[in-house]
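Just so you know, ligand 1 is whichever comes first in the structure, and atom 1 is the first atom listed for that ligand.
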Amino acid sequence: MLCSDLHSALKPILARYEDSQIVVVRDEAVSGLGISELAIRVSEASKSLETVQQIWDFFFAQGLTRRALVIAIGGGVLTDIVGFAAATYKRGIDYLNIPTTLLAMIDASSGGKTGINYHGLKNSIGAFAQPIETLIWPGWLKTLPAKEMLSGFGELIKTGLIDEGLQVTGDRLWDKLLQYDLDRMDIEELTPLIAQGVAVKEQIVAADPHEEGLRKVLNFGHTFGHALEEVTGDGFQVTGAMPHGYAVVYGLIAELYLSVVKLNCPKEPLQQLTQIMLHYYGKPQCKCSERGQLIRLMQQDKKNERAAEINCTLIRSVGDPVINQVITPDEAHEALDYLFSL
Ligand SMILES: NC(=O)c1ccc[n+]([C@@H]2O[C@H](COP(=O)([O-])OP(=O)(O)OC[C@H]3O[C@@H](n4cnc5c(N)ncnc54)[C@H](O)[C@@H]3O)[C@@H](O)[C@H]2O)c1
């Protein structure tokens, strides 16, 4: 839910819980609410079992019962970990998300996917657990660095490519994204695009909460994207690795290329996104020698239905996604050749 005043939006929700049973877990980078809290220094490397343990210990120390509410305030790393800790503490307690990055607003804080990285594989341990509410206040974005804004915009681009969004506002989200001025990153102008992106995701998740079919459309760009993120993250131990939304943009380029080759998708969206990538995101920092490793990582992706198969969502045109497209290693090589030749 988009809100202009966080405290008024929270008030009726908090009234449903005992004061002693409400706690906050927040990213150190953002402010709290004056409620008992645990502040965590966040990076992709902190999306680990150790951090989950730290949060469980905090819950025990606060004496939380199964009627507790945990408020997660932060970016996607924080909301993913806290959601997982809440889903597993005493077999599951309520949690509420307050996303503070664009990426978390658009994507990570809704839909109920929670989890951590394990054995160098992204989100390989986790649970589906819906937050009781997601309160989106775009004011947080005023302090967000430009790189993180671009990362979030990457997920918005994906949403624009898979859904025309016509049912929400009557205008195609993709066209509006192409018109948005990424040099200015004006938050007021971005707010309706956030609302449209969130509405698209919520509709898809409501129709298929456990990703049995339709929800896979949201994975467009993510088969290649996750592999690129993993290979540059070196098991998530290296700081300064590729931000998630950048990896999604590179993954979208590879998967748009395959959409053109395999499904006859018009070339225009690929050309448009390539221009955006080169101008704002730069080329992917990944050595050509890593192609074999990228393909092996894609074959291990948890989204695959069969072992060692590469499974992608592709599009026939903007707003017309097709799930469960099996990609051969040769086709994956060709798509990576295209991406790295830009
Ligand atoms: N659960 C899902 O459905 C889902 C979907 C997409 C992505 N994700 C996950 O989300 C994660 C990425 O999330 P992210 O991009 O938000 O990264 P992040 O949580 O690491 O946040 C990015 C950086 O911004 C800082 N930050 C957060 N809010 C800020 C603010 N308002 N002002 C200044 N700095 C701020 C953080 O401390 C961090 O350094 C990945 O782990 C990805 O797997 C999950």
Element-labelled atoms of ligand 1 that are located less than 4.0 Å from some non-hydrogen atom of [X]:
| X | value |
| --- | --- |
| T143 | 30 (C), 31 (N), 32 (N), 33 (C) |
| N123 | 43 (O) |
| K201 | 3 (O) |
| V30 | 28 (N), 29 (C), 30 (C), 31 (N) |
| V77 | 10 (O), 11 (C), 13 (O), 18 (P), 19 (O), 20 (O), 41 (O) |
| T101 | 14 (P), 16 (O), 21 (O), 27 (C), 28 (N) |
| E44 | 40 (C), 41 (O) |
| D80 | 1 (N), 2 (C), 8 (N), 9 (C), 44 (C) |

Taking atom types as modelled, is there a side-chain donor on Y118 or N123 under 3.5 Å from an acceptor on the other?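 Absent: no donor and acceptor within the cut-off.
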Return yes if a side-chain donor-acceptor contact under 3.5 Å exists between D183 and Y280, otherwise no.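 Yes, because at least one side-chain N or O of D183 sits under 3.5 Å from a partner of the opposite role on Y280.
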Got a salt bridge between K158 and D107, using NZ or NE/NH1/NH2 to carboxylate O under 4.0 Å? yes
Classify the contact between [X] and ligand 1 as side chain, backbone, both or neither, using a heavy-atom distance cut-off of under 4.0 Å.
| X | value |
| --- | --- |
| A108 | both |
| E148 | side chain |
| E28 | neither |
| L103 | side chain |
| T100 | both |
| D27 | side chain |
| T114 | neither |

Which is it for M105 and L141 under the side-chain contact (heavy atoms from CB on, under 4.5 Å) test, yes or no, and what are the steps along the way? CA-CA 10 Å; M105 291 178 189; L141 301 179; 3.7 Å; yes
Between I315, V261, L339, which is the residue that forms a side-chain contact (heavy atoms from CB on, under 4.5 Å) with L256? I315
Which residue in the set I81, V82, T51 passes side-chain contact (heavy atoms from CB on, under 4.5 Å) when paired with I40? T51
Using the side chain to side chain donor-acceptor pair (under 3.5 Å) rule, collect all pairs that involve residues 267-278, keeping only residues at least two apart or in two chains. W174-Q272
For [atom], what's the nearest protein heavy atom and its distance?
| atom | value |
| --- | --- |
| atom 14 (P) of ligand 1 | G76 N, 3.5 Å |
| atom 43 (O) of ligand 1 | K122 NZ, 2.8 Å |
| atom 6 (C) of ligand 1 | D107 OD2, 3.3 Å |
| atom 39 (O) of ligand 1 | V42 O, 4.2 Å |
| atom 34 (N) of ligand 1 | L144 CD1, 3.8 Å |

Check whether any side-chain heavy atom of [X] lies under 4.5 Å from a side-chain heavy atom of [Y], and answer yes or no.
| X | Y | result |
| --- | --- | --- |
| D186 | D181 | no |
| I35 | I22 | yes |
| F220 | P321 | no |

Do any nitrogen or oxygen atoms of [X] come within less than 3.5 Å of a nitrogen or oxygen of ligand 1?
| X | result |
| --- | --- |
| E155 | no |
| L78 | no |
| S43 | no |
| S110 | no |

Can you label the angle between the Y246 ring and the Y281 ring as parallel, tilted or perpendicular, going by 30° and 60°?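 Plane angle over 60°, so perpendicular.
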Determine the minimum heavy-atom distance between L177 and G160, stating which atoms define it. CD1-CA, 4.1 Å
Output a table of donor-acceptor pairs, distance under 3.5 Å, between side-chain atoms of residues 59-73 and any protein atom two or more places apart or on a different chain; print 'none' if there are none.
from : atom 1 : to  : atom 2 : distance (Å)
T65  : OG1    : Q21 : OE1    : 3.2
T65  : OG1    : R67 : N      : 3.1
R66  : NE     : K90 : O      : 3.3

Could you check whether atom CD of E28 has more than 12 heavy atoms from other residues, nucleotides or ligands sitting under 6.0 Å from it? yes
